[in-house]
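Step one of this worksheet: look at the structure below.
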Amino acid sequence: MISTDFMIFEDERSQMETTKRSLLRKFPNSEVHTESNPYTVFQAISMLRPDVLIVDYQFRSIKITDEEKIICQLFKSNGLVIIYSSSPS
């Protein structure tokens with residue numbers, strides 16, 4: 001079975017845990033990393049190099065710099081899948 005490394009970038013703890021449990025049920029051999037701090041998420045992505053990044057697109061208080069946009073583009077061009085998610089209102 002293929003192992004996939006996921007990273008969840010989410011500021012709501014309950015949503016993060018729900019997503020993590022769902023991923024582990026669906027992909028039991030995978031690693032699921034979580035990050036909620038917008039100031040350290042790019043460092044964590046660089047260090048962990050996940051295959052899939054799941055991002056809360058309504059993340060509060062995040063301002064992405066041009067440098068961070070370039071980093072995201074580099075990851076995307078090297079096969080990182082970025083999924084934007086939102087919980088229902």
Side-chain angles (χ1 to χ4, degrees):
M1 190 172 274
I2 297 173
S3 175
T4 302
D5 285 341
F6 294 92
M7 176 177 276
I8 303 167
F9 180 39
E10 168 68 63
D11 62 340
E12 293 182 33
R13 175 63 82 198
S14 63
Q15 182 63 33
M16 182 188 303
E17 292 302 321
T18 299
T19 303
K20 182 176 181 176
R21 279 193 305 277
S22 294
L23 287 169
L24 288 171
R25 257 193 318 272
K26 184 78 173 170
F27 306 100
N29 294 329
S30 296
E31 292 285 327
V32 180
H33 309 281
T34 59
E35 183 62 60
S36 60
N37 185 338
Y39 301 105
T40 60
V41 69
F42 289 98
Q43 180 181 8
I45 292 169
S46 295
M47 191 172 64
L48 297 169
R49 306 280 303 175
D51 301 305
V52 178
L53 176 62
I54 300 171
V55 179
D56 175 1
Y57 78 89
Q58 294 179 332
F59 202 94
R60 299 165 196 39
S61 76
I62 185 169
K63 291 183 173 63
I64 298 177
T65 66
D66 288 338
E67 180 180 84
E68 291 164 338
K69 287 178 187 174
I70 292 168
I71 291 169
C72 276
Q73 289 295 47
L74 286 171
F75 285 130
K76 286 168 95 173
S77 68
N78 286 310
L80 173 67
V81 177
I82 300 175
I83 300 170
Y84 299 94
S85 69
S86 173
S87 51
S89 304

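All residue numbers refer to positions in the sequence shown, counting from 1.
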ask   = Do the side chains of S30 and F6 get nearer than 4.5 Å, heavy atoms only?
value = yes
request  = Mark yes when over 12 heavy atoms from residues, nucleotides or ligands other than Q43 sit less than 6.0 Å from its CD; otherwise mark no.
outcome  =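 Atom CD in Q43 is not crowded, with 12 or fewer foreign heavy atoms closer than 6.0 Å.
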Any residue meeting side-chain hydrogen bond (donor to acceptor under 3.5 Å, both in side chains) with T34, in chain and number order, not counting sequence neighbours =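 Testing T34 for side-chain hydrogen bond (donor to acceptor under 3.5 Å, both in side chains), a comparison that skips the adjacent residues, returns none.
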query = What's the spacing between M7 CE and L23 CG if we round to 0.5 Å?
reply = 13.0 Å
Closest heavy-atom contact between [X] and [Y]?
{"X": "I45", "Y": "L53", "answer": "CD1-CD2, 3.7 Å"}
{"X": "M16", "Y": "E10", "answer": "CE-O, 2.9 Å"}
{"X": "S3", "Y": "D51", "answer": "O-OD2, 4.3 Å"}

message = Can a donor-acceptor pair be found, under 3.5 Å and without considering hydrogens, that links the side chain of E12 to the backbone of S14?
response = no
key: D5/V52 under side chain to side chain contact (heavy atoms under 4.5 Å, CB included): CA gap, chis, key distance, verdict   = CA-CA 7 Å; D5 285 341; V52 178; over 6 Å; no
key: Test side chain to side chain contact (heavy atoms under 4.5 Å, CB included) applied to K20 and I8, step by step   = CA-CA 8 Å; K20 182 176 181 176; I8 303 167; 3.9 Å; yes
